[in-house]
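Numbering starts at 1 and runs along the sequence shown. In listed order, ligands and their atoms are each counted from 1.
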Amino acid sequence: MLRWGILGTSFISDTVVKSILASPGSRITAVFGRNETRLDAFAAKYNIATKYQDLEALIDDAEVDVVYVGLPSHMHSSAVIAAAKRGKAILSEKSLATTMEDSHAMIAAVKEANVFFLEGLMYLSHPLMEKVASIARSGVLGTIKGMSGYYAANIWKKANPLGMGTIYNLGCYPVSLVHFIMETAFGPEAFEKRQLTGMGNLSNEGSLHARDASLNVRFDNGVLATIQSTDSFGNDFSFSIQGDKGVLRFKTNPWLPLAGDNIIEIKTYGGATEEIVVSAQMDAFGHQVKRVEDCIAQGLKEAPRPSPSWTNSVSIMDLLTSWENDIKKRAN
Ligand SMILES: NC(=O)C1=CN([C@@H]2O[C@H](COP(=O)(O)OP(=O)(O)OC[C@H]3O[C@@H](n4cnc5c(N)ncnc54)[C@H](OP(=O)(O)O)[C@@H]3O)[C@@H](O)[C@H]2O)C=CC1
Ligand SMILES: O=C1OC[C@@H](O)[C@H](O)[C@H]1O
């Protein structure tokens, strides 16, 4: 039985805790929150016995095997480093961090401590992504030539501005999916070799960050990717993978795959359209908990693909930070 300690009592901890409690292989022994009222309410709601207002105290708790980091993204690095030093396994929310310096420091710490670490890009643990990878490898799309993605959610008033806006809150989803498809189709180096341009609208509320952002990438092998992301309006998604024989489109949200039916459409240029349904027992958060349990039971320190390896998480961050820098460079 895996014993979890939860850092943070916000919306995302609420979601993740429900999946942990639904799993027979896990239980929650402790929760940290800085606000006493919210901490008490959270612990009471989920019947969590031990409450801490001191983050280090939770990490030190001998009854905690795995720490879930549900703190804002600029705090991931310090929490992950502290947990790694105490030998804890770690599941830490996306984005990995908000800077490359923090990203390298946290991955160095988990390597040094030789502990399990997974970034919470939860959709990559869902069986839908295994299916997408098998389609990308099957040849039905031909050679992959391009990808287009869009993610919009009106969350800017709720998201912590120190999490650095839509690029890190939402853009990380299409970028990590482009990363996964590039790796699946062309091998581990293909994503790294590229040129990009970023455009966007900046906000200075709480931090200087992109609120609406678009990205154009040309990978050195000729594949083109276009991504758009906003946290200032809407509630919508799209993602397609274009090959020289056909195109794959997601009919349901690739980044919030469900318990139930998840739907992909493949259209070949000869005219045939096939709908593929991937049915799952659990949503992405449920599969993510199962993945953590399975990895720890097997003594693994990194989760297998489609979940991101440590190197994958750093590569994704490298693109996110380059995207942000390019937008900011144009604004100057
Ligand atoms: N996977 C998913 O679907 C989603 C993931 N996320 C991720 O979850 C994370 C949390 O984001 P968000 O909800 O915007 O963050 P919040 O600002 O709501 O903070 C989350 C938790 O961290 C606590 N916290 C914030 N600042 C501090 C601090 N300085 N010291 C101690 N505790 C602190 C908050 O306490 P308090 O309540 O007192 O403010 C809260 O309990 C991010 O990494 C985000 O990317 C978010 C949404 C969905
Ligand atoms: O991280 C997230 O993932 C799913 C989105 O719908 C949510 O708003 C975002 O914060």
Is there a donor-acceptor pair closer than 3.5 Å between any side-chain N or O of [X] and the backbone N or O of [Y]?
X    : Y    : answer
S26  : S23  : no
R218 : V223 : no
N262 : L258 : yes

Report yes if some N/O of K158 lies less than 3.5 Å from some N/O of ligand 1; otherwise report no.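 No, no N or O pair falls under 3.5 Å.
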What orientation do Y123 and Y173 show, parallel under 30°, tilted 30 to 60°, or perpendicular over 60°?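 Tilted, since the angle between the ring planes falls between 30° and 60°.
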Under a heavy-atom criterion of less than 4.0 Å, does [X] contact ligand 1?
X    : value
F32  : yes
A159 : yes
Y173 : yes

Shortest reach to [atom] by a heavy atom, considering only [options]:
atom                    : options              : value
atom 16 (P) of ligand 1 : L96, L55, L162, N160 : N160
atom 21 (C) of ligand 1 : G70, P161, A284, G33 : G70
atom 23 (C) of ligand 1 : V31, N169, I12, L71  : L71
atom 34 (C) of ligand 1 : M122, E93, R34       : R34

Within 45 degrees of the ring normal and closer than 6.0 Å to the centroid, is that where the cationic atom of R211 sits relative to W156?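 Yes - R211 lies over the ring of W156, closer than 6.0 Å to its centre and within 45° of its axis.
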Ring-face cation contact, F191 with R194, 6.0 Å cut, 45° max: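 Yes, a cation-pi geometry.
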Which of the numbered atoms in ligand 2 are under 4.0 angstrom from any heavy atom belonging to [X]?
X    : value
N169 : 1 (O)
L170 : 9 (C)
Y173 : 1 (O), 2 (C), 3 (O)
Y151 : 4 (C), 5 (C), 6 (O)

May I ask you to say whether [X] pairs ionically with [Y], meaning some side-chain N is under 4.0 Å from a carboxylate O?
X    : Y    : value
E63  : R3   : yes
K267 : E274 : no
K45  : D14  : yes
K329 : D326 : yes

Measure the distance from [atom] to every protein heavy atom, then report the residue, atom name and distance (to 0.1 Å) of the closest one.
atom                    : answer
atom 11 (O) of ligand 1 : P72 CA, 4.1 Å
atom 13 (O) of ligand 1 : S10 OG, 3.5 Å
atom 41 (O) of ligand 1 : T9 N, 2.8 Å
atom 8 (O) of ligand 2  : I155 CG2, 3.6 Å
atom 30 (N) of ligand 1 : M75 CE, 3.4 Å
atom 45 (O) of ligand 1 : K94 O, 2.7 Å
atom 37 (O) of ligand 1 : R38 NE, 2.9 Å

Enter the distance from I276:CD1 to F250:CZ here, rounded to the nearest 0.5 Å.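 Between atom CD1 of I276 and atom CZ of F250 there are 10.5 Å.
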I need the contact type for [X] against ligand 1. Using non-hydrogen atoms and a strict under-4.0 Å cut-off, is it side chain, backbone, both or neither?
X    : value
W255 : neither
F11  : side chain
H76  : side chain

Given salt bridge (charged side-chain N to carboxylate O under 4.0 Å, His left out), test D65 with K88 step by step and report yes or no. CA-CA 6 Å; D65 305 312; K88 306 293 186 185; over 6 Å; no
Return yes when atom NZ of K328 has more than 12 non-hydrogen atoms of other residues, nucleotides or ligands closer than 6.0 Å, and no otherwise.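 Atom NZ in K328 is packed in, count exceeds 12.
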Is the count of non-hydrogen atoms from other residues, nucleotides or ligands lying under 6.0 Å from K301 atom NZ greater than 12?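 More than 12 within 6.0 Å, yes.
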Can E93 be said to touch ligand 2, with heavy atoms closer than 4.0 Å?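 No heavy atom of E93 comes that close to ligand 2.
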Minimum-distance pair of heavy atoms, taken over all atoms of Q53 and L39: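 That closest heavy-atom pairing would be CG-CD2, 3.6 Å.
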Applying a 4.0 Å heavy-atom criterion (strictly less than), which segment of Y123 is in contact with ligand 2: side chain, backbone, both, or neither?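 The answer is neither; Y123 stays 4.0 Å or more away.
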Atom indices of ligand 1, in the order listed, that fall short of 4.0 Å to a heavy atom of N35: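 Selected atoms, number and element: 38 (O).
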